[in-house]
Chemist: 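This is the structure I want to talk about, given as structure tokens.
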Amino acid sequence: MKAPPEVVWKLLIDAENWSRYFPPEDQVKILSGEPQLALGTRYSRVTVGFPMSLVVTEHEPLRRLAWATTVDGDETGSSAYHGWVITPMDDGCHVLTEETQQGPWFLEELGHKRPGALYRYHQEWIERLARAAEAEVAGKAT
């Protein structure tokens with residue numbers, strides 16, 4: 001991304017406003033009182049149509065953000081872990097996002113019924129994050 005880590009980080013930790021640049025994330029609510037994501041923050045969101053409960057498990061400013069996810073109402077014990085890694089570069093930063101899932105719910109709902117849906121979702125999210133961060137940098141330059 002042609003934006004410094006500070007700009008990308010600010011967009012990532014502002015969870016209740018993710019929908020400003022990624023409209024599908026319009027149902028995010030921080031439940032534990034913080035204004036932004038921090039270590040231990042509990043929040044809820046609806047992803048690809050499913051309500052989920054999350055907790056931030058890694059929060060290394062400007063470098064790494066990650067959360068653990070459970071699906072509301074899932075009795076199978078399925079879970080997911082989503083991480084973002086920001087690496088500074090001369091002309092901005094490189095952002096890597098990756099998610100792993102475990103359990104029958106993810107296999108059935110996302111693997112069998114919606115193959116590739118989560119991959120496409122995350123790809124669109126990172127592309128829109130890049131555009132938002134680059135637009136913010138361009139706006140400051142004018």
Side-chain angles (χ1 to χ4, degrees), residues 1-89 92-142:
M1 297 182 190
K2 304 260 188 261
E6 295 82 10
V7 172
V8 173
W9 182 258
K10 187 178 101 178
L11 291 167
L12 281 176
I13 63 171
D14 191 14
E16 289 187 346
N17 292 305
W18 284 339
S19 64
R20 287 184 185 162
Y21 66 89
F22 188 44
E25 286 293 332
D26 64 346
Q27 297 181 62
V28 179
K29 181 70 181 148
I30 293 178
L31 306 172
S32 51
E34 301 87 351
Q36 300 173 323
L37 298 183
L39 187 62
T41 298
R42 296 192 175 281
Y43 67 107
S44 64
R45 64 192 265 230
V46 176
T47 301
V48 293
F50 296 98
M52 302 190 178
S53 295
L54 308 95
V55 62
V56 175
T57 55
E58 295 182 60
H59 186 277
E60 189 177 332
L62 309 180
R63 300 183 54 81
R64 183 160 177 81
L65 179 68
W67 52 74
T69 305
T70 55
V71 180
D72 296 353
D74 169 39
E75 303 297 325
T76 69
S78 297
S79 62
Y81 195 79
H82 191 108
W84 299 84
V85 177
I86 303 169
T87 305
M89 301 184 71
C93 64
H94 179 265
V95 179
L96 172 68
T97 187
E98 194 166 42
E99 182 169 298
T100 61
Q101 300 102 24
Q102 295 180 323
W105 187 91
F106 284 101
L107 179 63
E108 183 60 27
E109 289 300 326
L110 297 179
H112 292 141
K113 292 182 182 176
R114 295 171 182 82
L118 202 54
Y119 172 82
R120 289 186 300 276
Y121 191 86
H122 290 145
Q123 184 64 34
E124 183 180 357
W125 191 352
I126 203 160
E127 288 172 7
R128 287 177 176 256
L129 173 64
R131 287 195 298 270
E134 292 165 0
E136 188 166 320
V137 168
K140 289 180 181 177
T142 57

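What you are looking at is a predicted structure, and each value in this text was computed from that prediction instead of being measured.
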Chemist: Taking it one step at a time, do M1 and I126 satisfy side chain to side chain contact (heavy atoms under 4.5 Å, CB included)?
Modeler: CA-CA 10 Å; M1 297 182 190; I126 203 160; 3.8 Å; yes

Chemist: Specify the closest pair of heavy atoms between W18 and L37, including all atoms of both residues, with the distance to one decimal.
Modeler: CZ2-CD1, 3.8 Å

Chemist: Side-chain contact test, heavy atoms from C-beta onward, threshold under 4.5 Å: evaluate it for K2 versus E134 and give yes or no.
Modeler: yes

Chemist: Verify the distance criterion only: is there a donor paired with an acceptor across the side chains of H82 and T69 at less than 3.5 Å?
Modeler: no

Chemist: For residues 70-77, which side-chain N or O atoms pair as donor and acceptor with protein atoms under 3.5 Å away, sequence neighbours left out?
Modeler:
residue : atom : partner : partner atom : Å
D72     : OD1  : S53     : N            : 3.3
D72     : OD1  : S53     : OG           : 2.6
D74     : OD1  : T76     : N            : 3.0
D74     : OD1  : T76     : OG1          : 2.7
D74     : OD2  : T76     : OG1          : 3.0
D74     : OD2  : S78     : N            : 3.1
T76     : OG1  : S78     : N            : 3.4
T76     : OG1  : S78     : OG           : 2.7

Chemist: For W9 together with W84, are the ring centres under 6.0 Å from each other?
Modeler: no

Chemist: Grab the two heavy atoms, one from G49 and one from P51, that are nearest each other, plus how far apart they are.
Modeler: O-CD, 4.0 Å

Chemist: With a 3.5 Å cut-off and no angle check, do the side chains of Y121 and E25 form a donor-acceptor pair?
Modeler: yes

Chemist: Would a line drawn from the ring center of Y81 to the ring center of W67 be shorter than 6.0 Å?
Modeler: no

Chemist: Under the salt bridge (Lys or Arg N to Asp or Glu O under 4.0 Å) rule, collect the residues that match up with E99, sequence neighbours excluded.
Modeler: none

Chemist: Looking at L39 and T57, what are the two nearest heavy atoms and their distance?
Modeler: CD1-O, 3.4 Å

Chemist: What are the two closest heavy atoms between Y43 and V56, and how far apart are they?
Modeler: CE2-CG2, 4.0 Å

Chemist: For the residue pair E16 and V28, what are the closest heavy atoms and their distance?
Modeler: CG-O, 3.6 Å

Chemist: Is any NZ, NE, NH1 or NH2 atom of the basic residue among R128 and E124 found under 4.0 Å from an Asp or Glu carboxylate oxygen of the other?
Modeler: yes

Chemist: Looking at side-chain heavy atoms only, is the closest gap between L65 and H59 below 4.5 Å?
Modeler: yes

Chemist: Just to verify, what does K29 make a side chain to side chain donor-acceptor pair (under 3.5 Å) with, not counting sequence neighbours?
Modeler: none

Chemist: So, do M52 and L54 sit near enough that their side-chain heavy atoms are less than 4.5 Å apart?
Modeler: yes

